[in-house]
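Report on the structure given below.
Order of the sequence lines fixes the chain letters, A, B, ..., with proteins taken first and strands second; residue numbering starts at 1 for each chain. As the structure is a prediction and not an experimental result, all values here were calculated from the model.
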Amino acid sequence: MKTIFALVDCNNFYVSCERVFDPSLAGRPVVVLSNNDGNVVARSNEAKALGVPFAAPAHECAPLVKRHNMAVFSSNYALYGDMSQRVMSIVAGFAPEMEIYSIDEAFLSLGDLAGVDPLDYAARIRETVRRWTGIPVSVGIAPTKTLAKLANRLAKRDPACGGVLALDGRSDLDSILDGVATGDVWGVGPRYSAMLARHGIRTARELRDASDAFVRKRMTVTGLRTVHELRGRSCIELEGAAPPKKGIVSSRSFGRPVVELAELSEAVASYTARAAEKLRCQRSAASLMCVFVSTNPFRDDPQYYNIITRRLPAPTADTAELIRHARADLERIYRPGFRYKKTGVFLSEIVPADSLQLDLFAAAEPSEERARLMATVDIINARLGRGAVYYAAEGVRKAWRMRQERLSRRFTTRWDELPVAVAG
DNA sequence: TCTGGGGTCCTAGGACCC
DNA sequence: TCTGGGGTCCTAGGACCC
């Protein structure tokens, strides 16, 4: 039986999450900012209509905020992550197989729909998610993931679709693809799009009809897969459980320039703790660790960037051990007199935690007690919220912390931040 | 004052080996 | 006149995604 793919994608997800808990935001232009309140990463349709571009620096929005009563929020990942889980668990009930592709998107492999029209089915998914969570989603249906992505984009673009669109069996597919720029195809970024334009290929239809040899040569096998998918031949399978990450990064920009080693050291310890937590979450240990520091390249200040790599004596996921190494490495690359903007750690050469290659010369095996301590820390933080328990090296005041001046409450994950209903 | 964070995959080219 | 031929591994860099 031929597989049919569906892509379920939340509309303006972060904005929609904020609106669920503040109905007065309906109809108002709303934007959500990236970490450190840097750039715009989510826009309501009203904000898009006002011309706010994706990734616009926050300070450039100030005039619109004033003139159009635009609402601005810091990113609230505790809220978005929890809302995402709710949406995904609902969508999962609609298909035998699902791939969670990102925080706000999932691919479905629709099995036998028993005579139900795919569009009616998509409309049911959409309506159920909306009623149970308040989040609006769009659904695109097609014989390949690339076309399902495209169908979803078109469903969002054209309000007449009612949020759902199917591309299989459409006789007007050619003219639909005529109306899509190559850069709007999944897998074609700005570089490829510019290269294609130089060769006279500007639309999804022209890309679909380009020669295999040309595409293979200029866009590698990845591009060729994309083109085959545009032709309706499925080359990109649905992926099940995400494989463990091969590299784990934890880094942040500071809310203000940091000069002192002591403050940098707190930040490095914090990010190391977070990376170690991610490592344990996927039951892994790391063999290699990098620590880097950098000044702000957007300023005229003297610039400095450095990175240091350390092979660990044995693969580990122990926060205390990793923090000890990270702080020692930081001291080796720290230079006084610079205004630092960012630091971070990168863990790699990741192996499963249960099959550790022990260091022949290690003083002792990693103790059971250490592992139990880590597990307990993780459980407490999962239950009470991140940062309920932490290492003193991470600092208490954390004056260097990123800016989050417009943060909404963690309505769904903290008892003390629940939404309050007021009788009118 | 002001510009995010976290990933994956593919290829070319050099080092090294037989 | 002429300086072999492959194979593998590693790294850096480039492209993409959200």
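Interatomic distance, CZ of Arg310(A) versus SG of Cys290(A), reported as 11.5 Å (0.5 Å rounding). Here CD1 of Ile176(A) is found 13.0 Å from OG1 of Thr203(A). Values are rounded to the nearest 0.5 Å.
The side chain of Lys342(A) contributes an N or O atom lying less than 4.0 Å from OP1 or OP2 of dG5(B). OP1 or OP2 of dG7(B) sits under 4.0 Å from a side-chain N or O of Lys278(A). Using a 4.0 Å cut-off, no side-chain N or O of Arg403(A) falls inside it from OP1 or OP2 of dG4(B). Residue Arg218(A) places none of its side-chain N or O atoms closer than 4.0 Å to OP1 or OP2 of dT11(B). Listed pair Asn36(A) / dG5(B) fails the phosphate criterion, with no side-chain N or O lying under 4.0 Å from OP1 or OP2. Proximity of Arg256(A) to the phosphate of dC2(B): no side-chain N or O atom is located under 4.0 Å from OP1 or OP2. At least one side-chain nitrogen or oxygen of Arg252(A) sits closer than 4.0 Å to the OP1 or OP2 atom of dG6(B). Taking side-chain N and O atoms only, Lys149(A) has a distance below 4.0 Å to OP1 or OP2 of dC18(C). Checking the phosphate oxygens (OP1, OP2) of dG5(B), no side-chain nitrogen or oxygen of Ser250(A) falls inside 4.0 Å. An OP1 or OP2 oxygen of dG4(B) is reached within less than 4.0 angstrom by no side-chain nitrogen or oxygen of Ser251(A).
Here the side chains of Val20(A) and Phe411(A) are not in contact, with every heavy-atom distance at 4.5 Å or above.
Here the C1' atom of nucleotide dC2(B) and the NE2 atom of His59(A) are 4 Å apart, to the nearest Å. In this entry the distance linking CG of Asn152(A) with P of dC17(C) reads 15 Å, nearest Å. dT3(B) atom P lies 9 Å from atom CZ of Arg299(A), rounded to whole Å. Per the geometry, OH belonging to Tyr101(A) stands 12 Å off P belonging to dT8(B), to the nearest Å. Rounded to whole angstrom, the span from the CZ atom of Phe254(A) across to the C1' atom of dT1(B) amounts to 17 Å. Note: CG (Leu407(A)) to P (dG4(B)) measures 18 Å, nearest angstrom. In this structure, Leu150(A) places its CG atom 13 Å from P of dC17(C), rounding to the nearest Å. Straight-line distance from the CG atom of Asn296(A) to the P atom of dC2(B): 7 Å, rounded to whole Å.
In this structure, the nucleotide among dG5(B), dC18(C), dC9(B) sitting nearest to the side chain of Lys246(A) is dC9(B). When the nucleotides dC10(B), dC18(C), dG4(B) are ranked by their closest atom to the side chain of Val221(A), dC10(B) comes out on top. Residue Glu105(A) has its side chain nearest to dC18(C) when only dG7(B), dC18(C), dT3(B) are considered. When each of dT3(B), dG5(B), dG7(B) is scored by its nearest atom to the side-chain atoms of Asn35(A), the top-ranked nucleotide is dG5(B). The listed nucleotides are dC9(B), dG4(B), dC18(C); the one nearest the side chain of Arg225(A) is dC9(B).
Across the interface with DNA chain B, nearest-nucleotide mapping of Ala55(A) and Val249(A) shows Ala55(A) to be the residue nearer the 5′ end. Sequence order on DNA chain B of the closest nucleotides to Ile248(A) and Lys341(A) puts Lys341(A) first from the 5' end.
Taking atom C1' on both nucleotides, dG4(B) is separated from dC17(C) by 15 Å, rounded to a whole Å.
Within the nucleic acid shown, Gly247(A) comes within 4.0 Å of sugar-phosphate atoms alone, with no base atom in reach, counting heavy atoms only.
Between the side chains of Glu266(A) and Tyr391(A), not a single donor N or O lies within less than 3.5 Å of an accepting N or O. In this model, a donor atom of one side chain and an acceptor atom of the other lie less than 3.5 Å apart for Thr220(A) and Thr222(A).
Between Glu99(A) and Lys145(A) there is a salt bridge, with a side-chain nitrogen of the basic residue lying less than 4.0 Å from a carboxylate oxygen of the acidic one. Ion pair Arg124(A)/Glu127(A) not flagged as a salt bridge, since none of the NZ, NE, NH1 or NH2 atoms sits closer than 4.0 Å to an Asp/Glu carboxylate oxygen. In this structure, Arg324(A) does not pair ionically with Asp318(A), as no charged nitrogen and carboxylate oxygen lie closer than 4.0 Å. Residues Arg386(A) and Glu394(A) are not paired through a salt bridge, judged by the lack of any N-O separation under 4.0 Å between the basic side chain and the carboxylate.
Using a 4.0 Å cutoff on non-hydrogen atoms, no part of residues 177-205 of chain A comes near DNA chain B.
Remark: dG13(C) base-pairs with dC10(B). Criterion, Watson-Crick or G-U wobble with two distances under 3.5 Å.
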